[in-house]
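In what follows, a structure is listed as structure tokens, so that the remarks can point back to it.
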Amino acid sequence: MSDIKNPKVRFAPSPTGQLHLGSARTALFNFLYAKHHRGTFYLRIEDTDKARSKQEFVEQICTSMEWLGLKWDGEPLFQSTRLNEYHDVVQTLLENNTAYRCFCSKDVLETARAGGSYQYPGTCRDLSEEDIMMHMNSGKGFVVRLRVPEGETHFDDMIYGTVHVKHDEIDDFIIARSNGNPTYNLVVVVDDHEMEISHVIRGEDHISNTPKQILIYNAMGFTVPEFAHLPMILGPDKKRLSKRHGALGVQQFKDDGYLPDALLNYLALLGWNPGSDDEIFTLDELIASFEMSHVHKKGAVYDEQKLSWISGQHMSRLGTAKILEGIHAINGDWGEGFETQYLYEVLEQLKLRSKSLRDFIDQSSYFFSDPISYDEKSARKNWKDDTTSQIMNDYKKRIDSLELWDADVIEASLRKIAEENNLSAGKLIHPTRLALSGISSGPSLFTLMSILGKEVCIRRLTKALDIFPLES
RNA sequence: GGCUCGUUCGUCUAGGGGUUAGGACGCCGCCCUCUCAAGGCGGUAACACGGGUUCAAAUCCCGUACGGGCUACCA
């Protein structure tokens with residue numbers, strides 16, 4: 001495969017919705033293939049469905065792709081600007097007799113279909129010149145159909161291998177609607193040819209469109225590109241992932257605080273394997289190891305737990321400055337009023353405990369303000385009675401007198417007072433943590449205290465002494 | 001219905017004639033430990049089924065079953 005030179009690929013979403021996980025994966029594989037082989041990655045907006053296409057979706061798709069880091073080369077191509085070209089191709093096909101006008105009404109065909117016939121009966125396939133003129137003159141509407149020849153078509157899919165389809169399984173399908181607009185199968189071919197696409201990489205749902213498109217390539221005398229069909233991403237019900245499976249737009253992952261590299265990493269592992277046991281990759285690493293031959297055919301079920309794990313792995317490898325940048329991108333207020341150095345220390349502690357940027361935000365409140373509520377379960381367990389209060393009070397006084405405020409010193413003083421009272425250190429540690437953070441989990445207590453500072457610790461202990469033990 | 005593609009632990013996957021069928025997520029246990037994580041160690045769990053071919057089949061072939069996709073004047 002290393003002899004593939006400068007392939008040209010494209011990602012061709014239709015702007016009828018935001019960028020979804022499935023399309024993002026298709027975009028990623030196109031991107032990886034292009035970059036791995038030093039090729040070109042184009043973006044084409046398939047907006048020929050006027051009724052459903054919206055400008056806002058075009059913007060949303062581009063934004064999502066930029067966020068993911070899937071930068072396309074050149075300017076996006078909009079199909080809506082190319083209607084004339086499509087029209088010309090239809091004319092050429094009509095002229096060389098590889099396509100014909102069909103005057104059958106929609107109703108007639110639907111009735112026929114309802115009767116159990118699945119294929120177009122070929123009514124207008126061999127209309128005489130006179131009949132055509134007559135219909136035209138009477139102002140009757142028509143669609144243009146491709147005249148599918150006898151025989152069979154096969155192609156060598158890079159992932160699925162050779163696929164054969166007999167032509168009698170293929171309808172004389174419509175390439176231009178009665179309103180003159182071209183249909184998908186035609187525009188795809190015309191544009192892929194125009195853009196000199198060498199490798200068409202798309203979802204497996206297009207595998208049965210491929211023979212039809214090859215027929216058009218042949219009818220026009222165009223060179224047929226290589227094809228690679230990607231397996232689908234499935235929901236837990238094993239059906240193709242869709243809106244029904246919940247909010248799975250790329251935008252949502254961004255809002256949930258996932259890192260783009262983590263999402264991409266996860267997506268890459270859905271249907272592809274790196275040929276090693278490695279699982280954590282940056283985008284550049286994915287580009288370096290991507291091989292189409294390692295893409296397999298089976299649909300893969302989307303699993304949020306694994307995404308979350310991968311995300312956590314990325315998080316723990318990321319520098320605190322990058323994390324801070326990411327957090328501020330989704331919440332500009334976070335840590336406002338505190339010095340950057342302080343924020344870095346906070347992030348350093350939370351890194352191994354966070355799967356997403358949201359987790360940092362959700363877990364960090366006590367670094368910025370005194371707890372306003374306390375975990376009741378922990379309070380009842382760890383601060384049972386006045387005995388605890390007494391020792392906590394002693395402990396408060398003890399740390400108040402500390403000259404040097406660092407984790408080791410703080411720890412030593414706590415262990416000493418525990419020993420003096422013949423208690424295990426935990427008997428002091430747990431209530432202290434509760435008093436300082438309001439919860440029972442988090443970073444090492446002594447690190448926490450050193451970060452918070454003496455004054456804050458004393459203040460929070462004082463407040464806790466007022467509150468605990470709770471009334472029974 | 002027709003066509004087409006697929007089927008290895010619950011999930012993502014490795015393995016493509018001889019393997020104790022490997023790894024990862026999850027789950028469970030242990031270790032570490034001030035908690036929660038992280039990390040380490042261990043455990044749980046799979047070749048859809050039936051026929052062939054072969055000394056030998058998860059692996060090759062044929063069926064069956066099940067699942068996906070397509071079968072639009074959507075893309």
Side-chain angles (χ1 to χ4, degrees), chain A residues 12-16 46-49 51-53 79 102 106 109-110 113 116 118-119 141-145 157 159-161 163-166 168-171 173-185 187-188 202-212 229 231-232 234 236-240 266 269-280 294 296-310 312-313 316 349-355 359 363 378 382 411 414-415 418 424-430 432-434 437 439-446 448:
Chain A
S14 60
T16 53
E46 308 217 322
D47 56 352
T48 52
D49 184 344
R52 295 197 300 148
S53 298
Q79 291 190 324
C102 168
K106 223 170 170 176
L109 294 177
E110 267 166 22
R113 245 196 304 270
Y118 287 88
Q119 285 208 355
F142 63 88
V143 298
V144 179
R145 292 179 183 273
D157 191 279
I159 294 165
Y160 285 89
V163 178
H164 299 263
V165 178
K166 293 189 177 63
D168 51 15
E169 299 299 338
I170 304 176
D171 246 347
F173 59 94
I174 293 171
I175 56 175
R177 306 187 179 94
S178 48
N179 65 7
N181 287 148
T183 59
Y184 170 72
N185 284 125
V187 299
V188 161
R202 80 237 289 200
E204 189 248 24
D205 49 338
H206 286 294
I207 211 162
S208 47
N209 284 143
T210 307
K212 294 181 183 178
H229 288 93
M232 303 274 90
L234 279 20
D237 57 359
K238 304 279 176 107
K239 294 218 190 303
R240 190 231 217 98
Y266 176 67
L269 259 17
L270 243 32
W272 171 81
N273 78 81
S276 72
D277 282 343
D278 298 340
E279 302 233 56
I280 306 303
H294 282 157
H296 71 162
K297 306 177 174 101
K298 193 185 156 194
V301 175
Y302 166 73
D303 176 18
E304 180 149 27
Q305 281 188 312
K306 182 128 185 186
L307 199 214
S308 179
W309 175 76
I310 286 177
Q313 292 291 316
S316 62
Q349 291 309 309
L350 263 20
K351 244 166 103 164
L352 291 181
R353 299 170 172 79
S354 301
K355 306 271 199 200
D359 288 346
Q363 297 172 9
S378 171
N382 299 312
E411 175 162 9
L414 182 137
R415 291 196 186 280
S424 68
K427 290 277 185 260
L428 282 176
I429 288 171
H430 298 308
T432 306
R433 177 187 299 288
L434 179 70
S437 71
I439 56 177
S440 60
S441 62
S444 155
L445 178 70
F446 310 112
L448 171 64

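A, B, ... follow the sequence lines: proteins, then strands. Residue 1 opens every chain.
The NZ-P distance, from A:Lys212 to B:G69, rounds to 16 Å in whole Å. Computed from coordinates, the A:His430 NE2 to B:U33 C1' distance equals 10 Å when rounded to whole Å. Here B:C70 presents its C1' atom at 11 Å from CD1 of A:Ile170, a figure rounded to the nearest Å. Distance NZ (A:Lys306) to P (B:C9): 15 Å, rounded to an integer number of Å. As a whole-Å value, the separation of A:Asp237 CG from B:C66 C1' is 15 Å. To the nearest angstrom, P of B:A37 lies 10 Å from CZ of A:Arg353.
For the pair A:Gln313 and B:A37, the criterion of a side-chain N or O lying under 4.0 Å from OP1 or OP2 is not met. For the pair A:Arg240 and B:C70, the criterion of a side-chain N or O lying under 4.0 Å from OP1 or OP2 is met. OP1 or OP2 of B:U13 sits under 4.0 Å from a side-chain N or O of A:His296. When the side-chain nitrogen and oxygen atoms of A:Lys238 are compared with OP1 and OP2 of B:U7, none of them lie within a distance under 4.0 Å. Applying the 4.0 Å criterion to OP1 and OP2 of B:C34, one finds that A:Arg415 has a side-chain N or O inside that range. At B:A38, one or more side-chain N or O atoms of A:Lys355 fall inside 4.0 Å of OP1 or OP2 (strictly under the cut-off). Phosphate proximity of B:U8 to A:Lys298: present, with a side-chain N or O under 4.0 Å from OP1 or OP2. The phosphate of B:A75 (OP1 or OP2) has a side-chain N or O of A:Thr48 nearer than 4.0 angstrom.
Residue A:His206 is classed as a base contact, given a heavy-atom separation below 4.0 Å to a base. A:Pro236 comes within 4.0 angstrom of nothing in the nucleic acid, heavy atoms only.
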| A:Asp359 and A:Arg353: salt bridge (charged side-chain N to carboxylate O under 4.0 Å, His left out), yes or no, with the steps? | CA-CA 8 Å; A:Asp359 288 346; A:Arg353 299 170 172 79; over 6 Å; no

| task | In sequence, state the C-alpha distance, the side-chain angles, and the governing distance for A:Val143 and A:Ile175, and then conclude on side chain to side chain contact (heavy atoms under 4.5 Å, CB included). | result | CA-CA 8 Å; A:Val143 298; A:Ile175 56 175; over 6 Å; no

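Remark on RNA chain B: of its neighbouring residues A:Asp277 and A:Glu204, the 5'-side contact belongs to A:Asp277, judged by nearest-heavy-atom nucleotide. Closest-nucleotide positions on RNA chain B for A:Trp272 and A:Gln305 were compared, and the one nearer the 5' end corresponds to A:Trp272.
Judged by distance alone, with hydrogens and angles left aside, A:Lys351 brings no side-chain donor or acceptor close enough to the base of B:A38 to form a pair under 3.5 Å. Between the side chain of A:Asn209 and the base of B:A75 there is at least one donor-acceptor pair of N/O atoms closer than 3.5 Å. A donor-acceptor contact under 3.5 Å is not formed by the side chain of A:Thr183 with the base of B:C73. Counting atom types as modelled, A:Gln119 pairs no side-chain N or O with a base atom of B:G2 as donor and acceptor under 3.5 Å. Taking only distance into account, the side chain of A:Ser178 meets the base of B:C73 through a donor-acceptor pair shorter than 3.5 Å.
With respect to A:Arg240 and A:Glu204, no salt bridge is recorded, no charged nitrogen being found less than 4.0 Å from a carboxylate O.
With no hydrogens or angles considered, a side-chain donor-acceptor pair links A:Tyr184 and A:His206 at under 3.5 Å.
Under the 3.5 Å distance criterion, the side-chain polar atoms of A:Tyr160 are matched with a main-chain donor or acceptor of A:Lys297.
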